[in-house]
Amino acid sequence: MSLTATTDSLESLEEYDDLTAWINDILTPSNAADGEDEGKSSDALENLSQLDQQITHLIASLDISCEDTSSQLERIIDDVSRGVPRLTYDLHFIKDGALSLQTSLNIVHERSRGAIPKETNEALEQLKRLDTIKGHMEAAREVLREAESWSTLEMEVTSFLTEQNYAKAASRLSEANKSMVVFQNTPEYDPRRTLLVNLQNQLEASLSSALVAAINEQDLDTCRNYFSIFSNIQREQEFRNYYNGSRRASLVSMWEQAQLVDCGGTDTSNGQGQTFSEFLSRFYAAMLNLLNQERTSMPAIFPDPAMSLSSLMSSIFSSLHPTFPQRLESLFSHYGDSALKELINVFRVTEDFAGSVDKIMQKIVFSVTSPSSESSDAPPLTPATPPHAGGHSRRRSMRMSVSFRSGATRSTSGGIPRISSITDGLDWDQELFQPFLEYQVDYNSLERRLLDDSLREIISSDGSDRSTNQDQARLIRERAIDIFGAAEQSLTRYTAFTHGYGALGLVQALDGFLKSFVDMWTADISYASASGVSMQSSGDLSGLDYTPEDWAKFQTMLHLLGSARNISERMMSFEVKLRSQLSQTSMKFKLYHGDPTNFPLAPSKGVGQLLEQSTLNSAELHALLERVDSEARHTGDTLLLTEARAAVFGFARACQISLETTIASPLRNSLDSYASSPWMVQSDAKAKSSNELHVPTFSLSPSDIILRVTEGLLNLPQVFELHGDDDALAFSLHTLPNVDPEILKTLPEQNVSLPDPVPQSAHPRRQSFIISNPKPQPIDPETVSSAWLSSIGQSLLTHLTSDVLPQIKRLTTSGTAQLASDLSYLSNVARSLNLEHAELEKWKEYVELDDASGVARLTSVGNGNDYVLEQVARMRGWH
């Protein structure tokens with residue numbers, strides 16, 4: 001590459017808007033443009049070597065040019081820096097010179113007045129007056145000519161119309177229209193304007209029937225001549241209305257006569273009805289056939305065939321009755337909650353149609369922008385006026401105008417606009433997908449309605465199973481399979497219908513759907529009945545007199561708790577799939593923002609633009625996707641379905657409470673009569689005999705009730721011996737009521753850091769809970785047994801201190817001694833079982849006080865500040 005060639009190449013850089021195109025043009029071998037393709041395979045290595053040399057030379061040339069440019073820029077900066085300080089002085093000097101010149105000019109002007117003789121001055125004034133008169137006379141002449149022309153305008157145009165010389169009539173009216181500016185702001189303007197419009201209407205009326213016939217016969221030459229005539233009389237839009245109205249007639253008739261079984265308003269009693277999606281496929285096929293015909297016809301008629309084809313499509317959709325949105329509304333009325341499935345079918349058919357139309361648009365634009373068409377006599381592309389579709393009104397979005405957007409970007413090949421730039425200016429695809437936008441924005445509720453409909457259908461298949469003695473645990477596991485199967489189907493719907501923009505709505509809908517399913521079974525726990533063979537008690541369980549019904553209920557609740565664990569595991573597995581889908585959506589968004597042309601989110605630019613401008617493209621959506629991406633990079637997993645998971649733990653807690661109630665029922669039953677025991681109210685009169693002999697008392701033995709309760713507590717571990725290794729008991733230990741927090745600290749982190757139940761009114765942007773391992777680690781059976789024993793024991797002691805002991809009305813001296821003995825014995829047994837209960841210790845302490853100490857303690861604490869002390873004071877009469 002010579003130095004001259006390199007200089008020319010660098011100078012040509014200014015003519016390019018695209019740097020890549022300039023590099024490709026510079027590096028293209030000269031023989032490639034001449035079509036020399038012999039010996040390409042044998043010369044491949046040589047061509048690569050030559051290309052490498054060119055690239056190396058180009059890089060060196062660019063480096064040298066950059067250095068030269070930098071040096072020149074530095075010299076210019078130095079020159080400017082040196083010249084700026086003199087700028088103020090130069091400006092001041094120029095100002096002084098201008099003032100001096102102004103003074104000199106004033107002096108010369110005064111002298112020139114006196115130098116001109118009076119006769120010469122009068123002659124000059126006369127010449128000036130004559131020139132003004134001449135100008136006025138010429139203007140009057142032009143007005144008279146226009147008036148004469150207008151006086152014969154009606155007669156000439158009528159004559160041309162009679163002779164069917166429509167071209168001359170149009171030319172005459174065009175000239176008259178140009179002269180209207182002469183009468184602007186004069187009384188003659190309105191009458192002449194009225195006359196011009198009337199004559200244009202006459203010309204249009206004379207041409208209308210012949211124009212419609214030419215359009216129907218596809219007489220392209222005649223149509224092109226008529227288009228020129230209509231353009232001359234400023235009726236180009238009316239021509240387009242005639243043309244579009246004639247070409248769309250068959251499609252409009254097809255739409256109106258469609259017999260649809262799911263859109264209403266048509267008679268389908270003859271059995272010939274079809275679904276809207278089936279009809280739409282046929283309708284779009286017919287429209288594609290018409291558009292393919294117009295692809296070859298319109299370039300011969302219109303100077304802007306791409307815009308005209310887009311105008312025809314807009315005209316077709318605006319003339320449909322009932323309108324496309326009305327058909328969609330009828331579709332929803334017919335299918336109800338499950339309408340989203342059919343709507344997606346319709347949407348997919350429309351997307352396929354849009355893809356075919358886009359190819360037609362590219363072909364018609366390419367035919368206009370090709371070099372052969374540029375060299376012809378065809379007029380250049382000019383923007384067209386948006387059509388009014390024959391007087392029909394239609395709803396338009398804020399971007400729904402059939403016009404070019406920004407000018408096409410110039411390419412490097414002869415200044416021909418890029419096809420994509422021209423097709424971007426056509427909004428036919430936005431108008432096509434506009435009716436779907438309101439449903440896409442409402443995707444959250446539509447998906448939830450569909451999922452709830454699936455839930456009702458699944459639950460209705462239970463029949464009477466949920467209200468009879470069927471195995472509820474088995475039933476809930478079976479239904480969970482169907483429920484999560486329905487949930488997985490939604491993972492494809494949100495991408496098919498919203499192209500990822502509905503991700504936030506998907507998560508919310510799934511969360512509420514799964515929560516509803518679990519809550520339904522939580523409400524039914526109280527109605528769960530026994531199933532299978534009743535288990536008889538085995539071994540010596542003193543103090544635990546379980547009936548067969550108690551054991552059967554124990555088994556039922558245990559199985560239901562296992563079902564809760566099964567649902568939780570399924571939910572974790574489903575969340576992995578959900579996170580994977582969201583990660584793919586996030587990746588698509590990143591690729592799209594990096595290169596929208598090569599990585600579009602939707603197959604049609606129109607639907608992509610509408611979704612991008614909608615409320616679906618919210619900050620919450622991008623925060624969700626960013627959070628999923630961030631936690632994936634840090635190997636963390638987000639519990640996206642927080643409300644559903646809280647519902648699972650609520651279900652587990654209900655099972656645990658019912659299970660504990662069953663296990664502790666014999667002990668609770670024993671305590672029911674404790675407050676009314678005879679020794680509580682036994683009179684002290686016998687002790688106060690006539691001899692007044694005070695007999696010292698020794699430590700009393702615990703009462704029979706407390707003995708049975710303590711023996712039952714000590715024998716509780718035997719209840720869990722047969723089920724100590726059951727996974728159900730190890731599930732959700734953190735929801736056990738009154739469980740010892742110290743035991744939870746010994747559990748693996750993922751078994752205790754799960755979310756607590758949240759109210760249904762929680763904001764969608766709620767807190768997410770992160771676990772490092774979605775699959776809980778196994779827990780030692782002894783730890784599980786300890787947790788359950790702690791929970792049952794604490795619950796029983798809470799029942800004693802909160803419900804049983806406050807029912808004691810009054811304590812005698814002997815009753816106080818017996819209660820103190822019972823509480824002391826129970827406290828020792830509880831401590832041996834690692835049951836620390838503060839309320840029990842307070843009862844024990846206050847009951848053991850003598851009267852004087854009790855009154856003093858009551859006085860120091862004050863009334864109402866200690867509930868237990870107040871109860872003991874009431875029983876012992878310290879008030």
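Everything numeric in this text was worked out from a predicted model, so none of it was measured.
- The closest side-chain donor-acceptor pair between D358 and Q362 falls under 3.5 angstrom.
- Taking the ring-ring contact (aromatic ring centres under 6.0 Å, His included) definition, one finds that F436 meets it with F324, F347, sequence neighbours left out.
- D262 contributes atom CG, which lies 7.0 Å from atom OG of S277 (distance to the nearest 0.5 angstrom).
- When every heavy atom of Q430 is checked against every heavy atom of L610, the shortest pair comes out as O-CD1, 3.5 Å.
- Between M298 and D304, the closest side-chain pair of non-hydrogen atoms is not below 4.5 Å.
- For the residue pair Q257/S253, the side-chain donor-acceptor check at 3.5 Å is satisfied.
- The distance from the OH atom of Y439 to the CG atom of L446 is 8.5 Å, given to the nearest 0.5 Å.
- Relative orientation of the H593 and F589 rings is tilted, given thresholds of 30° and 60° on the angle between their planes.
- For E236 and R240, the salt-bridge test passes: some basic side-chain N is under 4.0 Å from an acidic carboxylate O.
- By the 4.5 Å heavy-atom criterion applied to side chains, V357 and L288 are counted as neighbours.
- The two residues A486 and L451 come nearest to each other via the heavy atoms O-CD2, 3.9 Å.
- Contact check for R327 versus L280: no side-chain heavy atoms found under the 4.5 Å cut-off.
- A side-chain N or O of N241 and one of Q237 form a donor-acceptor pair less than 3.5 Å apart.
- Atoms CG and CG, on L491 and L506 in that order, are 6.0 Å from each other to the nearest 0.5 Å.
- Here the side chains of L611 and L601 are not in contact, with every heavy-atom distance at 4.5 Å or above.
- Atom-to-atom distance recorded for D429:CG and K605:NZ is 9.0 Å, nearest 0.5 angstrom.
- In this structure, E238 and L207 have side chains that are not in contact, with every pair of non-hydrogen atoms separated by 4.5 Å or more.
- In this structure the side chain of L309 never reaches within 4.5 angstrom of the side chain of F302, judged on heavy atoms.
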One pair to check against side-chain contact (heavy atoms from CB on, under 4.5 Å): Y226 and I301. What are the steps and the verdict? CA-CA 9 Å; Y226 286 164; I301 301 174; over 6 Å; no
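- Between R456 and D453 there is a salt bridge, with a side-chain nitrogen of the basic residue lying less than 4.0 Å from a carboxylate oxygen of the acidic one.
- Residues S297 and Q218 bring a donor and an acceptor atom of their side chains to less than 3.5 Å of each other.
- Ion pairing between R224 and D221 holds under the 4.0 Å rule for side-chain N and carboxylate O.
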Step-by-step side-chain contact (heavy atoms from CB on, under 4.5 Å) determination, E431 to M313: CA-CA 9 Å; E431 188 162 3; M313 289 187 59; over 6 Å; no
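- You'll find the side chain of W428 stays beyond 4.5 Å of the side chain of I316, heavy atoms only.
- Counted by atom type alone, R248 and S318 present zero donor-acceptor pairs between their side chains at under 3.5 Å.
- A donor atom on one side chain and an acceptor atom on the other are not found under 3.5 Å apart for Y243 and S308.
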Could you check Y494 against T585 for side-chain hydrogen bond (donor to acceptor under 3.5 Å, both in side chains), going step by step and ending with a plain yes or no? CA-CA 10 Å; Y494 93 100; T585 298; 2.5 Å; yes
Could you walk me through whether L621 and L616 pass side-chain contact (heavy atoms from CB on, under 4.5 Å), step by step? CA-CA 7 Å; L621 168 65; L616 288 177; 5.6 Å; no
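- Atoms CG and CZ, from L340 and R448 in turn, are 14.0 Å apart once rounded to the nearest 0.5 Å.
- Nearest heavy-atom pair, V212 versus Y242, reported as atom, atom and distance to 0.1 Å: CG2-CD2, 4.2 Å.
- Separation of atoms CZ (F239) and CG (N244) is listed at 9.5 Å; rounding is to 0.5 Å.
- Here R348 pairs with nothing under the salt bridge (charged side-chain N to carboxylate O under 4.0 Å, His left out) rule; sequence neighbours left out.
- Using modelled atom types, one finds a donor on one side chain and an acceptor on the other under 3.5 Å when comparing N201 with R235.
- With a 4.5 Å cut-off on side-chain heavy atoms, V349 and N345 do not count as touching.
- Partners of F283 by ring-ring contact (aromatic ring centres under 6.0 Å, His included), not counting sequence neighbours, listed by chain and number: W255, F279.
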